[in-house]
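Below is one structure, written out as structure tokens; comments come after it.
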Amino acid sequence: MIFHVLTIFPEFFAGPFAHGVVKRAADAGHLEIHIHNLRDWTSDRHKTVDDRPFGGGEGMVLKPEPIFLAVESIWPERKPDHKVVLLSAQGRLFDQAMANGLSRESALLLICGRYEGVDERVAAHLVDDEISIGNYVLSGGELAAAVVLDAVARLLPGVLGNECSAAFESFQDTGHGEGLLDCPHWTRPAEFRGWKAPEVLLNGNHEEIRRFRKQSAREKTMRFRPDLVG
Ligand code: 9D3
């Protein structure tokens with residue numbers, strides 16, 4: 001899969017994609033990441049990407065022209081499996097199902113919003129979708145683009161070593177069923193500062209272990225995510 005990211009802070013992406021699963025997947029040829037500087041599509045000497053909002057008010061708004069020019073030069077022809085996504089605080093809430101869907105596209109272009117927002121003609125006439133990663137205020141779309149890219153990249157065939165199964169996973173798909181959070185985990189030492197790992201996990205009784213994990217997943221879900229239990 002080919003990812004393009006359009007941003008006024010291209011340096012931002014040196015960090016998140018230089019490590020871990022995404023880096024290894026890129027090195028292995030499962031994906032390509034191309035970072036583009038929005039200012040490359042300006043033509044004035046100040047490389048202006050923003051302007052004051054019509055109607056007045058706080059802050060600045062990203063101008064439409066450089067964004068349209070950038071997308072049209074990255075993709076002179078738009079193919080059906082080439083998706084353009086705007087990261088904005090006003091978008092649809094991102095979830096695992098959206099990550100699964102995007103992982104089946106062949107290319108994805110992520111536009112990072114900044115300042116007070118992006119001229120609405122970008123959302124209305126250029127992009128396929130507008131995505132927010134959660135109900136909190138970020139300073140811009142860059143962190144959100146990195147989150148979306150990571151969530152999609154790890155689903156691609158070969159990326160996690162599992163050639164074809166990951167794209168069908170749900171974040172709640174733990175094997176315990178019922179759309180619960182994952183169960184808690186322990187590892188060595190069996191006792192740490194007086195806190196013992198649950199005895200049942202050490203005794204090798206796999207039926208008992210299965211029941212313990214399901215019950216502890218239920219308890220944790222009830223405590224932190226009652227919305228998943230209903
Ligand atoms: C006065 C209203 N503004 C909040 C101070 C609205 C606003 C403008 C610009 C809120 C956030 C932003 C910048 N955020 C993003 O571009 C963004 C975002 C986010 O803030 N939260 C979750 N997901 C995303 S994706 C892009």
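Remember, it's 1-based here, ligands and their atoms both numbered in the order they're listed.
- Looking at ligand 1, you won't find any N or O of Q90 less than 3.5 Å from one of its N or O atoms.
- With hydrogens and angles disregarded, no donor-acceptor distance shorter than 3.5 Å links the side chain of R213 to the backbone of C183.
- For ligand 1 and S132, the ligand atoms under 4.0 Å from any heavy atom of the residue are 22 (C), 23 (N).
- For atom 17 (C) of ligand 1, the closest heavy atom belonging to the protein is A89 N, 3.5 Å.
- Nearest non-hydrogen protein atom to atom 3 (N) of ligand 1 is E116 OE1, 3.0 Å.
- Any N or O atom pair closer than 3.5 Å counts here, and Y136 shares at least one such pair with ligand 1.
- In this pair, F192 and W195 present their aromatic rings tilted. The plane angle is within the 30 to 60° band.
- When non-hydrogen atoms are compared, ligand 1 lies under 4.0 Å from neither the backbone nor the side chain of E58.
- Judged by distance alone, with hydrogens and angles left aside, the side-chain atoms of S88 form a donor-acceptor pair with the main-chain N or O of Q90 at under 3.5 Å.
- Salt bridge status for E142 with R114: present, with a side-chain N to carboxylate O gap under 4.0 Å.
- When the heavy-atom distances from atom 14 (N) of ligand 1 to V118, L143, L138 are ranked, the shortest goes to L138.
- Classification of the H34-H4 ring pair by plane angle, with boundaries at 30° and 60°, yields parallel.
- For atom 23 (N) of ligand 1, the closest non-hydrogen atom of the protein is I133 N, 3.0 Å.
- The shortest side-chain heavy-atom distance between I209 and L201 falls under the 4.5 Å cut-off.
- With a 4.0 Å heavy-atom cut-off, ligand 1 is reached by the side chain of A144 but not by its N, CA, C or O.
- Defined by atom type and a distance below 3.5 Å, a donor-acceptor pair is missing between the side-chain atoms of E199 and N203.
- Contact annotation: G140 has at least one heavy atom less than 4.0 Å from an atom of ligand 1.
- Those atoms of ligand 1 with a heavy atom of G134 less than 4.0 angstrom away are 21 (N), 22 (C).
- Against a heavy-atom cut-off of under 4.0 Å, L87 is close to the following atoms of ligand 1: 25 (S), 26 (C).
- Salt bridge E208/R211: absent, no basic N to carboxylate O contact under 4.0 Å.
- Heavy-atom contacts of Y115 reach the following atoms of ligand 1: 8 (C), 9 (C) (cutoff under 4.0 Å).
- Under 4.0 Å is where a charged nitrogen must lie from a carboxylate oxygen, and between K220 and D182 no such pair does.
- Contact analysis leaves F94 out of contact with ligand 1, as no non-hydrogen atom separation drops below 4.0 angstrom.
- Taking all heavy atoms of L110, V137, I111, I131 into account, the minimum distance to atom 5 (C) of ligand 1 is reached by V137.
- Looking at R154 and D150, no side-chain N of the basic residue comes within less than 4.0 Å of a carboxylate O on the acidic one, giving no salt bridge.
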